[in-house]
J.: 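Attaching a single structure in structure tokens format; questions to follow.
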2 protein chains.
Amino acid sequence: MEEIALTPVSYLVLGEVARHGSATPYDLKVSVAQSVGNFWSFPHAQLYKEPPRLAAAGLLREEREETGRRRRTFRITDDGRRALAAWLAAGDSGRTELRDPGLLKLAFSDLGQPGDAVRLARGQAVAHRAQLEVYRQLAALPADAMPWSLRRTLELGLGYERIAAEFWERLAADPGLIRAAAPPPDPADA
Amino acid sequence: MEEIALTPVSYLVLGEVARHGSATPYDLKVSVAQSVGNFWSFPHAQLYKEPPRLAAAGLLREEREETGRRRRTFRITDDGRRALAAWLAAGDSGRTELRDPGLLKLAFSDLGQPGDAVRLARGQAVAHRAQLEVYRQLAALPADAMPWSLRRTLELGLGYERIAAEFWERLAADPGLIRAAAPPPDPADA
DNA sequence: ACTCACACCATACGTTTCGGACTATAGTCG
DNA sequence: CGACTATAGTCCGAAACGTATGGTGTGAGT
């Protein structure tokens, strides 16, 4: 029963296991991909590493098939439930992190050709429309397909994507929003 | 002149140096913190590691003070400008990554006490209002305080924060959006 | 003029994460 | 039955993380 530090992914796993009663890492991978994975990105390999780690700390219980694929199935323990409840009850929540390559590129678009920004905007508009559609499909599912809490997050996701799609479309359509390249205020230089 | 892989942070540094003509890592740290850092998070130590790396690849030129703090000042080279231009011209842009601890917690709120979600929502509302205000201050700066491209990104940031603030406020105010805790193996749901 | 305190600036470093390549097992279809 | 595809799981070197920590300039107070 080791002491371990619990990261957001730890709670994600605890929560997901608690919700489904039991889960294999692959189950997690699949279910996370279209729910909570949309606003907490991380490599799927984590879902194979984290549960055994939580099991070692006594927060999950592990059962392993003795045959074939030797799947590992995890269930939450009372300690795990307590840890999850404590996290949920804590008001804080840490700083949110965003990494949007499109926005990054846009930020420096003044250093490129005017056409660059337009092309970027068109691409981003398509991408965000697509994601918006994904969310729409999920939101169209019957009420009992997901817990209310997950549906709420979906609503914010929908809001984000709608704003983003409109933003990039406006940018792609209105040349006035994109100006000519401005050379850096630097005379002597390589 | 080594071959190196260029990451988003590489372009961020190239762009920032190109824009200002020259910069020390600290200059970058300060200017990034209130501009592009808002949608591309990373630890500031990177800004001390990346420029020398780019210099080794011939994309930046380094000058170091011989005295006192021995500050390193970087300027972009023609190769650097070419690399930056190529990146700006490329339509793609990589997958956007989001890590929002608040949204993560909300997603699992059905496993906690009803009060948890309300408390969370209140905290998030305050945090997003604050960030919204930061953006508003930046947006109120005179037109020549930042390039048009950066202003555009600010507008999307403003949009995101407004949506988020409204979302969390609605959640905090309307108990109907938050239901009682639902035990996992329960098929009946509202 | 001195010095003390604080803000500014810079980097080192142990730990964790990244992310993709790779392997293995199960199911399916001709 | 054999070949192909989808499912499921693992590995590992490279890169990023993020904080602790230690210099350096400056100016306020005496």
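Basis for what follows: all heavy atoms, side chains included, without hydrogens, waters or symmetry-related copies. Numbers restart at 1 for each chain; the letters A, B, ... are given by sequence-line order, proteins then strands.
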J.: Is it true that the side chains of A:E62 and A:T73 contain a donor and an acceptor less than 3.5 Å apart?
T.: no
J.: Is B:Y48 close enough to C:dT11 that one of its side-chain N or O atoms is under 4.0 Å from OP1 or OP2 there?
T.: no
J.: Round to a whole Å and report the spacing from NZ of A:K49 to C1' of C:dT17.
T.: 8 Å
J.: Tell me if the centroids of the rings in B:Y11 and A:F108 come within less than 6.0 Å of each other.
T.: no
J.: Report the distance from atom CZ of B:F74 to atom P of C:dA10, rounded to the nearest whole Å.
T.: 10 Å
J.: To the nearest angstrom, how far is A:L12 atom CG from C:dT17 atom P?
T.: 13 Å
J.: What is the separation between atom CD1 on A:I4 and atom P on C:dT15, rounded to the nearest whole Å?
T.: 17 Å
J.: To the nearest angstrom, how far is B:L47 atom CG from C:dT11 atom P?
T.: 12 Å
J.: Is there side-chain contact between B:T153 and B:F39, with heavy atoms separated by less than 4.5 Å?
T.: yes
J.: Over how many whole Å does the gap from B:R71 atom CZ to D:dT24 atom C1' extend?
T.: 9 Å
J.: Tell me which residues in residues 37-45 of chain B put a heavy atom below 4.0 Å from DNA chain C, sorted by number, or none.
T.: B:H44, B:A45
J.: Do A:D116 and B:W87 make a side-chain contact, defined as non-hydrogen atoms from C-beta onward lying under 4.5 Å apart?
T.: no
J.: Side chains of B:L156 and A:W168, heavy atoms from C-beta outward: is any pair under 4.5 Å?
T.: yes
J.: Expressed in angstrom and rounded to an integer, what is the separation of A:E50 atom CD from C:dC18 atom C1'?
T.: 15 Å
J.: Can you tell me the distance, in whole Å, between the CD atom of B:Q46 and the P atom of D:dA15?
T.: 11 Å
J.: Does a side-chain N or O from A:R99 land closer than 4.0 Å to OP1 or OP2 of D:dA16, or not?
T.: no
J.: Do B:E161 and B:R129 have side-chain heavy atoms sitting under 4.5 Å apart?
T.: no
